[in-house]
Chemist: 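Here you go, one structure.
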2 protein chains.
Amino acid sequence: MLSERQKMILTAIVDDYIRSAEPVGSRSISKRADVSFSPATIRNEMADLEELGYLEQPHTSAGRVPSNKGYRYYVDHLVTPGGVQEEDVRRIRSFFAEKMTHWEDVIGHASTILSQLTNYTSIVLGPEMFTTSLKHFQLVQLNEHSAVAIIVTNTGHVEHRPVTIPEGIEIHDLEKMVRMLNDKLIGVPFIRVKSVLHSEIASELARYVDRCEEILNVLEQSLADQKDPRVYLSGAANMLSQPEFKDVDKAKNILDVLEETTKLSQLFSSAPGGIQVKIGTENTMEAINQCSLITATYTLDGQSLGTIGILGPTRMEYGKVISLLDYLSQDIAVLMSRWYK
Amino acid sequence: MLSERQKMILTAIVDDYIRSAEPVGSRSISKRADVSFSPATIRNEMADLEELGYLEQPHTSAGRVPSNKGYRYYVDHLVTPGGVQEEDVRRIRSFFAEKMTHWEDVIGHASTILSQLTNYTSIVLGPEMFTTSLKHFQLVQLNEHSAVAIIVTNTGHVEHRPVTIPEGIEIHDLEKMVRMLNDKLIGVPFIRVKSVLHSEIASELARYVDRCEEILNVLEQSLADQKDPRVYLSGAANMLSQPEFKDVDKAKNILDVLEETTKLSQLFSSAPGGIQVKIGTENTMEAINQCSLITATYTLDGQSLGTIGILGPTRMEYGKVISLLDYLSQDIAVLMSRWYK
DNA sequence: GTTAGCACTCAATTGAGAAGAGTGCTAATG
DNA sequence: CATTAGCACTCTTCTCAATTGAGTGCTAAC
């Protein structure tokens, strides 16, 4: 357990370091208006904090730098989110005031505004389809053996995927099928579509239609969940303005990761609800061991739809980013729910 | 007009510089197997080439570096495309052998493989819709005032956009309308859809349907061409491996541009058919004045569908990239045409 | 418990010298 | 007369040592 003074000093050091990116010395802390101790006293406390693992020294004659453990303590106990600046709120408003025609636009805009307001990199995972329900299903035939399956969800989201029609299947049968699907499946949440397909429909189907197995396959294929959720990335180049990545090689390692969307969605995979902060080596991916990732989920009717996140150096403005993500995730939720009506 | 020997020396210097990124001295040229002149002779020629504007000297006691004019001459008269390496052909094959379900997949894959094979940044502009024709049109109603328009092209490409239904329009009328559209418009190239809509359909429509103007608006809105073609970017981080951009600030300027897809499509706007090379300051955009952009269009039945391009430093492997773009643009054309059938 | 004082450490900066790469010019050469 | 050897000269880059300065840790005094 840290004393009040230790907390105060740790806060001061983290805040200072976040601002300046330079190791913080005892003198500069002691000079702060709200501090009334001499550098020597601060030094003693700093030595203690270092022994406890909250601070580190790049080398003996430098100031102190927060360790990962230090940041963790700061995030858990010291930081004051402090809300979103008025200016930022205004910019978000005006950004979302634009006419957005597709669902994806909301997400894309959110990603852009996040990176602009923070000067970090923003990563946003689009809503996954299975959280919604089926509104309309249709097959459009292109030629003898191929068609496009079109799925519209209750939220107006449209998915489409090409389908191969097996040899010898009657178009007639397929159409019958699609009609039946629209009767039975509309309103069913995607999460349950598959089971309903098998339990309620398969049996009935077998009576009317030849080779129903194959047709079922086609349907399952077209209703299958998309593999990877869409990833929206914005402000990747902002990484380059961080002094810790002025070394091009380090920067390249990170940007390489950012280009692989599959890796990015992995990064988010373990995100629970609410706001989560992963600091430095808490991230399993080695390339971003010097980064922190803050994520928030946006929800609709209590159900998690997707995730928005900010990636920056461990020396990140935690308070600001946390407030912002909190605010924006709720904003997105509101926008989504409007869409919903 | 350059003498044969000058051409040879210019070629040697450009080739050397592309390989090494270091100013090329007279000695290193003279040591090449196919050169039988002393350094002094080379120096004389180099001085001449510099006076003519083909070479530059970073400082008096350094070797020579090609100027933009030098690269231009090299690209126009000296470079030998030399075809695509067998290894590369194999990798392209295996990459395209993957099952690609959407049209966008082809383009996305092309972008990825391009950046991987060249270690530069690849930019690919997706095919624009208006080059295809209408296969199927449909409105799916979501609630009283909104619907989703779904457009399927003959190539299996699906577009969808939300539509607002004006107050007081009969669903019935809308449906009639859609049926009529499907009768009249299927097979019509998008480029002509608008005019057909007005000339053949508007008049007939007016007879059957109330408030036809408004409905026509809805339809036009839903059939309107997408504003900006999709941009696929790959290997942006490769810029960081170029020695000329080891300075983070320079790199950031470029990456910032790459993040703005609208700017990217502008970049391509002036691309004519065939292969085009824009060297250094020939690019109007200032941030990429130290880059070269090579573009190629891919066509279907003689009609340009889209553009693939490579952005790299002016010190780029022009021969290799030109061959590769040429090869790949034809490959894409073939893939697209298969899709077409 | 706090602080002034001081010796000590180590990175960063500076400057001088040496090394090296390459040039331009001149004069010799085949 | 084109080519080339020779040489002085230029300019960058590297290295090394000295200096500077920020910051610490410890001790002794308050």
Side-chain angles (χ1 to χ4, degrees), chain A residues 1-10 12-17 19-67 70 243-244 246-247, chain B residues 1-10 12-17 19-67 70 243-244 246-247:
Chain A
M1 188 57 198
L2 298 184
S3 72
E4 281 310 308
R5 194 166 71 186
Q6 283 175 321
K7 285 184 192 173
M8 192 265 282
I9 290 175
L10 181 54
I13 290 176
V14 175
D15 283 341
D16 240 49
Y17 186 63
R19 226 183 3 83
S20 69
E22 306 267 291
V24 183
S26 56
R27 244 178 74 83
S28 67
I29 300 264
S30 135
K31 266 191 291 193
R32 289 168 67 117
D34 54 337
V35 175
S36 54
F37 304 99
S38 75
T41 310
I42 311 278
R43 276 206 291 283
N44 288 331
E45 296 283 28
M46 278 160 85
D48 289 349
L49 284 170
E50 183 171 0
E51 204 167 354
L52 291 169
Y54 296 105
L55 297 178
E56 281 169 356
Q57 249 179 328
H59 52 266
T60 39
S61 74
R64 299 304 207 292
V65 161
S67 67
E244 32 268 274
K246 72 170 193 297
D247 175 16
Chain B
M1 189 57 196
L2 299 183
S3 72
E4 281 311 309
R5 193 167 69 185
Q6 283 175 321
K7 286 184 191 173
M8 192 264 281
I9 289 174
L10 182 54
I13 290 176
V14 175
D15 283 341
D16 240 50
Y17 186 63
R19 227 185 1 83
S20 68
E22 307 266 291
V24 183
S26 55
R27 244 179 75 85
S28 66
I29 300 265
S30 136
K31 267 190 290 194
R32 289 166 67 116
D34 53 337
V35 174
S36 54
F37 303 99
S38 77
T41 311
I42 311 276
R43 275 205 292 282
N44 289 331
E45 296 284 26
M46 277 159 87
D48 289 350
L49 284 170
E50 184 172 0
E51 203 167 354
L52 291 169
Y54 296 104
L55 296 179
E56 282 168 355
Q57 247 180 328
H59 51 266
T60 39
S61 74
R64 299 305 205 293
V65 162
S67 66
E244 31 268 273
K246 73 170 193 296
D247 174 17

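Letters A, B, ... are given to chains in the order of the sequence lines, protein chains preceding strands, and every chain is numbered from 1. Just so it is clear, the structure is predicted and the values come from calculations on it, not from any experiment.
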Chemist: If you draw a 6.0 Å radius around CZ in Arg5(A), do more than 12 non-hydrogen atoms from other residues or ligands fall strictly inside?
Modeler: yes

Chemist: What is the separation between atom CD on Glu51(A) and atom P on dG25(D), rounded to the nearest whole Å?
Modeler: 11 Å

Chemist: For the pair made of CD1 in Ile42(A) and P in dT3(C), what is the distance, rounded to whole Å?
Modeler: 9 Å

Chemist: To the side chain of Ser38(A), which of dT3(C), dT23(C), dT24(D) is closest?
Modeler: dT3(C)

Chemist: Donor-acceptor pair under 3.5 Å: do we get one between Thr60(B)'s side chain and the base of dT10(D)?
Modeler: no

Chemist: Taking the nucleotide of DNA chain D with the closest heavy atom to each, which residue, Ala40(B) or Ala47(A), is nearer the 5' end?
Modeler: Ala40(B)

Chemist: Whole angstroms only, please: what is the CE-P distance between Met46(B) and dT4(D)?
Modeler: 15 Å

Chemist: What's the CD1-P distance between Ile13(A) and dG23(D), to the nearest Å?
Modeler: 12 Å

Chemist: Which heavy-atom pair separates Gln57(B) from Gly63(B) by the least distance, and what is that distance?
Modeler: CG-O, 3.6 Å

Chemist: Can you tell me which nucleotide in dG24(C), dT24(D), dT3(D) comes closest to the side chain of Arg5(B)?
Modeler: dT3(D)

Chemist: Choose from dA4(C), dT12(D), dT3(D) the nucleotide whose nearest atom is closest to any side-chain atom of Phe37(B).
Modeler: dT3(D)

Chemist: Look at the side chain of Arg43(A) and the base of dG25(D), then say whether one donor and one acceptor between them are separated by less than 3.5 Å.
Modeler: yes

Chemist: Taking atom C1' of dC26(D) as reference, at what distance in whole Å does atom CG of Asn44(A) sit?
Modeler: 9 Å

Chemist: It should be established whether Ser61(A) places a side-chain nitrogen or oxygen under 4.0 Å from OP1 or OP2 of nucleotide dT24(D).
Modeler: no

Chemist: Select one nucleotide: of dT3(D), dT23(C), dG24(C), the one nearest the side-chain heavy atoms of Thr41(B).
Modeler: dT3(D)

Chemist: Want to settle it: does Ser28(A) or Pro39(B) sit nearer the 5' end of DNA chain D, counting the closest nucleotide to each?
Modeler: Pro39(B)

Chemist: How many Å lie between CZ on Arg27(B) and C1' on dT4(D), as a whole number?
Modeler: 14 Å

Chemist: In whole Å, what is the span from the NE2 atom of His59(B) to the P atom of dA21(C)?
Modeler: 13 Å

Chemist: Of the non-hydrogen atoms in Val14(B) and Pro66(B), which two are nearest, and what is the gap between them?
Modeler: CG2-CG, 3.8 Å

Chemist: Kindly point out which of dT23(C), dA4(C), dC11(D) is positioned nearest to the side chain of Arg64(B)?
Modeler: dT23(C)

Chemist: Take atom CD of Gln57(A) and atom C1' of dC10(C), then tell me their distance rounded to the nearest Å.
Modeler: 11 Å

Chemist: When rounded to the nearest 0.5 angstrom, what distance separates CZ in Arg64(B) from CG in Leu49(B)?
Modeler: 9.0 Å

Chemist: What closest approach, in Å, do Gly70(B) and Leu10(B) show between heavy atoms, and which atom pair accounts for it?
Modeler: O-CD2, 4.4 Å

